Q: 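Once you've had a glance at the structure underneath, I'll fire off some questions.
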Amino acid sequence: MSTQEGSGAPESDRAVPRRLSAARGFGDRVFRVQLTATGVVVLAIMAAVGLFLLLRAGQALHARGPAFLTTAAWQPDVHNFGIAAVLTGTLLIALVAVTISVPLAVGTALFISDVAPRRLRRTLISMVDLMAAVPSVVYGLWGLFFLQQHVIGLSRWLSDWLGWIPLFTVDGIQPGDPLASDSVYTASTFVAGIVVALMVAPIQCSVMREVFSQAPAGEREGAYALGATRWGMIRSVVLPYGKGGIIGGTMLGLGRALGETIAVYLIISPVFTIQPHILQTGSNSVSSLIALHYGDSSEFGMSALMAAGLALFLLTLAVNFTASSVAARSRSGAQSEA
């Protein structure tokens, strides 16, 4: 008991804990204002893009209504158009790309951060970063004139052995038919997906590598001290710590795969029917549709293209918000088995 309490001092005279507050300097205040302004500008730009697309797409959306989402044909001049076919193609190309790119990116990131000699790491990091800087048109030309002819054999093999799965079925081709023309396997979703996968893998790898390299050294050494092998250390320490980075890198690559234009435009053969067979010639995407018809569209056709762009914009936002929500629940370093 204090002296004041023992002497019956009034309540107002008792010592009250002093509230501490950090004094922000001029530099801190300027930095805080800059960050706030940057965030507001980014949100304003996104809102402006969405509002612009909505206003320009209003005429087409008003004319078609809900049928815009269920119609596969694209004939805006006769008011018969929709994004069912191009949206399906966009999702399938992105699915193929992510399925191929994620294992490639995770393996490359782990090799650079935990396996490669220290002298080699800087060279590998530079090579991966340079791959991300290659223009998409270069990837598209490479896929069209080089990769496509070398993938036909793999497409035929997948069709022969996995043709019982609808995704790998090729219409009009019997499994094991030696007379099947190679042309049925060209300009397909599968070829476009491989090219897009090689485009997004460097971005995913860079994100994952940065997170993997920050795994606590103490937990790494602790795993080795307990007798873990290198793979055991990676499985119990690095991968759980980097879960958020894996999710973030995957979704970042998925966002780019959904919006890739030039490479897909150069490779695919556009069809305006729902084409669920990834090995079969013919596919489409929202971005390639816009690139194909932008120059020769009427005023109403341009409104229809803006409506397709609005759908892609909303889809990309939904993917990014979902990724942020999932990554927030599995922050890097939150869990570890070591």
Side-chain angles (χ1 to χ4, degrees), residues 68-74 81-105 136 139-140 143-144 147-148 151-152 154-159 161-173 183-201 203-204 250-293 308-320 322-323:
F68 178 72
L69 298 176
T70 58
T71 303
W74 189 262
F81 63 94
I83 60 170
V86 294
L87 192 59
T88 301
T90 300
L91 293 175
L92 286 176
I93 291 173
L95 177 63
V96 172
V98 171
T99 302
I100 296 173
S101 66
V102 169
L104 180 62
S136 59
Y139 280 103
L144 177 63
L147 178 66
Q148 184 167 244
V151 173
I152 292 176
L154 176 60
S155 299
R156 186 187 296 273
W157 184 86
L158 290 173
S159 175
W161 291 97
L162 300 176
W164 52 274
I165 302 176
L167 199 65
F168 298 102
T169 301
V170 177
D171 293 337
I173 299 298
S183 61
V184 299
Y185 299 105
T186 59
S188 64
T189 299
F190 183 61
V191 178
I194 294 176
V195 174
V196 175
L198 296 178
M199 296 176 62
V200 303
I203 300 174
Q204 296 173 328
T250 299
M251 293 304 178
L252 181 63
L254 177 60
R256 180 176 178 183
L258 289 171
E260 181 52 45
T261 304
I262 299 301
V264 176
Y265 173 74
L266 290 174
I267 293 172
I268 63 172
S269 177
V271 293
F272 291 98
T273 58
I274 297 179
Q275 164 65 287
H277 310 309
I278 65 173
L279 302 177
Q280 183 174 318
T281 184
S283 182
N284 218 325
S285 71
V286 175
S287 55
S288 63
L289 167 71
I290 297 173
L292 178 64
H293 292 283
L310 177 63
L312 181 61
F313 177 75
L314 294 177
L315 177 62
T316 305
L317 283 183
V319 169
N320 290 332
T322 303

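A quick note: this is a predicted structure, and the numbers were derived from the prediction, not measured. Counting from 1, the numbers follow the sequence of the chain as shown.
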Q: Assess whether side chain to side chain contact (heavy atoms under 4.5 Å, CB included) is satisfied between Leu87 and Leu315, documenting all intermediate values.
A: CA-CA 10 Å; Leu87 192 59; Leu315 177 62; 3.9 Å; yes
Q: Hey, are Thr189 and Ser283 close enough side-chain-wise for a donor-acceptor pair under 3.5 Å?
A: yes
Q: Are the side chains of Thr169 and Ile165 in contact, using a 4.5 Å heavy-atom criterion?
A: no
Q: Looking just at side-chain N and O atoms, do Thr186 and Ser183 make a donor-acceptor pair shorter than 3.5 Å?
A: no
Q: Which heavy atom of Ile83 sits nearest a heavy atom of Ala311, and at what distance?
A: CD1-CB, 3.5 Å
Q: Within this structure, what is the CZ-CH2 distance for the pair Phe168 and Trp157, rounded to the nearest 0.5 Å?
A: 9.5 Å
Q: Got Phe272 and Leu289 here, is their nearest side-chain heavy-atom distance under 4.5 Å?
A: yes
Q: Any idea which heavy atoms bring Gly140 and Val195 closest together, and the distance?
A: N-CG1, 4.5 Å
Q: Tell me, do Thr250 and Leu254 make a side-chain contact under 4.5 Å, heavy atoms counted?
A: no
Q: For the CD atom of Gln204 and the CE atom of Met251, what is their distance to the nearest 0.5 Å?
A: 10.5 Å
Q: Walk me through it: do Thr281 and Tyr185 pass the test side chain to side chain contact (heavy atoms under 4.5 Å, CB included)?
A: CA-CA 5 Å; Thr281 184; Tyr185 299 105; over 6 Å; no
Q: Ignoring hydrogens and angles, tell me if any N or O in the side chain of Thr261 forms a donor-acceptor pair with the backbone of Gly259 under 3.5 Å.
A: yes
Q: Between Ala192 and Ile267, which heavy-atom pair has the shortest distance, and what is it?
A: N-CG2, 4.1 Å
Q: For Ile194, which residues count as a side-chain contact (heavy atoms from CB on, under 4.5 Å) partner, sequence neighbours excluded?
A: Ile100, Leu147, Val151, Phe190
Q: Do the side chains of Leu95 and Leu91 get nearer than 4.5 Å, heavy atoms only?
A: no
Q: Side-chain contact, heavy-atom cut-off 4.5 Å: Arg256 with Ile203?
A: yes
Q: Look at the aromatic rings of Phe81 and Trp74 and report parallel, tilted or perpendicular, splitting at 30° and 60°.
A: perpendicular
Q: Report the distance from atom OG of Ser159 to atom CD of Gln280, rounding to the nearest 0.5 Å.
A: 9.0 Å
Q: Closest approach of Ala85 and Ala72, non-hydrogen atoms and distance?
A: CB-O, 3.7 Å
Q: So, taking the atom named CD1 in Ile278 and the one named CG in Leu167, what distance separates them when rounded to the nearest 0.5 Å?
A: 4.5 Å
Q: Considering only heavy atoms from C-beta outward, does the side chain of Pro270 approach that of Leu292 to under 4.5 Å?
A: yes
Q: Ser288 and Ile268: which non-hydrogen atoms are nearest, and at how many Å?
A: OG-CD1, 3.6 Å
Q: Which value, rounded to the nearest 0.5 Å, describes the distance between Ser155 atom OG and Ile173 atom CD1?
A: 12.0 Å
Q: Please check: side-chain N/O of His277 versus main-chain N/O of Pro166, any donor-acceptor pairing under 3.5 Å?
A: yes
Q: Which heavy atom of Asn284 sits nearest a heavy atom of Ile93, and at what distance?
A: O-CD1, 4.1 Å
Q: Determine whether a donor-acceptor pair (N or O, by modelled atom type, separation under 3.5 Å) exists between the side chain of Ser287 and the backbone of Glu260.
A: yes
Q: Working to the nearest 0.5 Å, report the span between CD of Gln148 and OG of Ser188.
A: 7.0 Å
